[in-house]
Every structure is written in structure tokens, then in C-alpha cells.
Amino acid sequence: MRQSLYDWTINRLLRLLLGGAMLLPYARRVRLMGAVTRRIIAPIAGYHRRSRANLAMIFPDMPAGERARIAHAAADNAGRTLIEIFSGADFVRHVADTPVSGPGMEAIEAAREAGRPVILISGHMGNYDVPRGYFAARDVDVGGLYKPLANEAFNEAYVAAISGVSAPVFERGRRGMGQMLSFLKKGGMLGVLFDQRMPKGEQIDFIGQPALTALSAAEMALKYDALLVPVYGIRQPDGLSFEIVTEAPIPHSDARTMMQAASDSLANQARAHPEQYFWIHRRWKL
């Protein structure tokens, strides 16, 4: 595997930063990574600028000062999320007793008792791996679908980290999709984040703007009669604890209609908790 000097440098710096943070007690490492991401990483990487641009497009009437505040808070949340996921077993123990709200959990439990596949659909909101950690603490494997990071060396560490929360994990692509479908057909539970820009996706409204969106989660739900449930790990005011919000399952209809419903669900969460959405993503490729 050949690496550019830039990728090598970023990989080494991130591994050193995360490794150093892991030496601290759980709460201290989470607060530290939030602060480092907000104050150092986000300004250097241009995340604050990108977040403000996304917010200006979605909320044109929002004062500039408020956009800046949300951008900084979103970077803090992203940093906390990263180290929480890299904390593996510590993270799973931490979220084991997370309170659950909404009608989705009852539907999930009924589907599992019946051997019916379940797709937990979510986005880059709060900490999206909290539901996987919650079920892992109960010895329930929740598979994860992931898009490989551009930095191949750091991607190895990231895959190891998300596997440490719950396994198996499946890479987007032909081989990974085949493994994932086999897992799902056996009545497995799968976590899917759908809010990444997919060049071959369809334009679906997200917070008032068209966004390229893959229909695959809904297509799988239809093909394998899987329950499609919007689920979120919403960070609480203390910055460390969460609430798992489970919504009613999305009714089966057609894939586009179902993914629009998922997009609307995520949009409602982003409006309610704008500080926790990953505005740093190129969702609309600004």
C-alpha cells in the first residue's frame, strides 16, 4: 500500500492523538478530544468554514454568530464521537444503560423474537454508534455498513474501532454487500448511515435542499421484509451521556418514498439538535 506524504502524516498524527487520549480516564478523554477537534483540528482542516457554508445554505436567515456557534459545537461533538468509538469496550459499558425512548424499540424486539431482519437507519447525528453499543452490551450483534475512508492507513484503525463496538462490519462494495445481505437474510440486525453523498444516488430532499441519496437501505428492507427503523443516539447536556431515540418503523411502500421518510426523520433531528449534526460532511458538496 503506497501512501502520500500527506496521508502518512495525517495517519500518524491521528494515531498519536487518539493513543494519547486513550491513556486518560474515559470522561477526560472524551472532553479532551472534543476540545482539540473544536479548537485545533476543525480550523486547520476547514471544518468550521464548511459547516458555516452548509448552515448558511440550509438556514439563510440564521445570524452569522449563531452559525459560528453551531459549527464549533458540531466539531466538538464530532471529536467526542471519534474517541468514543475508538474507546471500544469502555464505550459499550458507558452506553449499556442508556435510556431508550420512542415506539421503535418495541417493534425491534418483536421483530427479533419473530426472526425478522431489522435495519436501524440513521445519520451522522449525535453519536451514531450508541445504538450498536447498547445492543452489544446485551450480546446482540448489530452489523455495520461503512464507507472506507480516503486515508487507507487510518481506515484500518477506523474499521478496527467500529468492529470493537459491534461486529460484523461490511465495506460498501460488491464483496461487502454480499456478506451483509447474507447476514441480513439470516434475521440479523444492521445499522446503516444513509446521509453520505452518493454520486449514483437519487436526489431526495434533506432539510429543504436536494441531496444525492442511496436507496439501498429501503431496497433491502423491501427485498428481505426487514423492519426499517429510524434510530438516533442523542447526546445529552453533560456531553457524555445519551438518549436513544427510536421512531416508529417506516412503512413499506417504494424505496424512494421510504428513503424520503428516513431523510425527513433525520432532518427533524438536525433541526432539533443542530449542534449534533455533522455539518462538516460534504452532504451537498459545497
Side-chain angles (χ1 to χ4, degrees), residues 85 92 95-96 98 100-148 159 162-196 198 200-202 204 213-233 244-266 269:
I85 291 172
V92 170
V95 302
T98 299
V100 179
S101 65
M105 187 58 75
E106 183 177 351
I108 291 168
E109 291 174 347
R112 283 189 50 75
E113 289 179 6
R116 183 182 181 187
V118 176
I119 298 174
L120 306 177
I121 192 163
S122 193
H124 290 82
M125 180 81 212
N127 185 325
Y128 44 84
D129 255 357
V130 168
R132 293 178 70 234
Y134 175 88
F135 282 108
R138 286 155 179 75
D139 295 322
V140 178
D141 293 330
V142 181
L145 177 64
Y146 72 93
K147 181 179 179 181
V159 173
I162 59 177
S163 299
V165 175
S166 185
V169 296
F170 309 103
E171 178 181 343
R172 282 190 182 274
R174 182 173 296 179
R175 182 174 177 224
M177 287 295 288
Q179 295 170 336
M180 182 184 67
L181 293 178
S182 176
F183 175 78
L184 197 63
K185 284 190 288 187
K186 294 175 183 177
M189 191 185 307
L190 179 69
V192 175
L193 304 179
F194 74 92
D195 62 331
Q196 290 174 305
M198 302 301 290
K200 295 183 180 180
E202 293 198 19
I204 287 181
T213 305
L215 303 184
S216 53
E219 291 169 345
M220 288 188 295
L222 291 169
K223 185 172 182 178
Y224 299 108
D225 189 32
L227 206 68
L228 188 64
V229 187
V231 177
Y232 306 96
I244 297 175
V245 177
T246 67
E247 299 186 357
I250 295 173
H252 283 199
S253 53
D254 63 88
R256 183 181 178 87
T257 299
M258 292 168 71
M259 290 309 299
Q260 184 61 69
S263 187
D264 291 344
S265 168
L266 180 58
Q269 292 295 333

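This is a predicted model, so every value here is computed, not measured. Computed from heavy atoms alone, side chains included, the values below leave out hydrogens, waters and symmetry copies.
Judged by distance alone, with hydrogens and angles left aside, the side-chain atoms of Ser166 form a donor-acceptor pair with the main-chain N or O of Val142 at under 3.5 Å. A donor-acceptor pair under 3.5 Å is absent between the side-chain atoms of Ser122 and the main chain of Tyr232, judged by distance alone. Panel note: side chain Asp129, backbone Arg132; no donor-acceptor pair is recorded below 3.5 Å. Looking at His252, its side chain never comes within 3.5 Å of a backbone N or O of Ala218 through a donor-acceptor pair. Checked by atom type and distance alone, the side chain of Arg138 pairs as donor or acceptor with a backbone atom of Ala96 at under 3.5 Å. Under the 3.5 Å distance criterion, the side-chain polar atoms of Arg256 are left unmatched by any main-chain donor or acceptor of Leu215.
The distance from atom CG of Leu266 to atom CE of Met125, rounded to the nearest 0.5 Å, is 7.5 Å. Here CD1 of Ile119 is found 9.0 Å from CG of Leu227. Values are rounded to the nearest 0.5 Å. Glu247 contributes atom CD, which lies 5.5 Å from atom CD of Gln269 (distance to the nearest 0.5 angstrom). Separation of atoms CD1 (Ile204) and CG (Asp195) is listed at 12.5 Å; rounding is to 0.5 Å. The distance from the CD atom of Glu171 to the OH atom of Tyr146 is 4.0 Å, given to the nearest 0.5 Å. Met177 CE to Leu181 CG: the interatomic distance, rounded to the nearest 0.5 Å, is 5.0 Å.
Between Pro103 and Ala248 the shortest heavy-atom distance is CG-N, 3.5 Å. Taking every heavy atom of both residues into account, Ile244 and Pro131 meet most closely at CD1-CA, 4.3 Å. The shortest non-hydrogen separation linking Tyr134 to Met105 is CE2-CE, 4.0 Å. Contact record, Ala217 with Met259: CB-SD, 4.2 Å, taken as the closest heavy-atom pair. Taking all atoms of both residues into account, the shortest heavy-atom contact from Gly104 to Val229 is CA-CG1, 4.1 Å. For Leu222 against Ser253, the heavy-atom pair with the smallest separation is CD2-O, 3.8 Å.
The number of heavy atoms from other shown groups lying within 6.0 Å of CZ (Arg116) is above 12.
In this view, Asp139 satisfies the salt bridge (charged side-chain N to carboxylate O under 4.0 Å, His left out) rule with no residue, not counting sequence neighbours.
A side chain to side chain contact (heavy atoms under 4.5 Å, CB included) with Phe135 is found for one member of Val165, Asp141, Val95, Ile108 and no other, namely Ile108.
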Report the C-alpha distance between Ser263 and Phe194 in whole Å, list the side-chain angles of each, state the deciding distance to 0.1 Å, and finish with yes or no for side chain to side chain contact (heavy atoms under 4.5 Å, CB included).
CA-CA 8 Å; Ser263 187; Phe194 74 92; 4.1 Å; yes

Take Thr257 and Ile250 through the side chain to side chain contact (heavy atoms under 4.5 Å, CB included) test and state the conclusion after the steps.
CA-CA 10 Å; Thr257 299; Ile250 295 173; over 6 Å; no

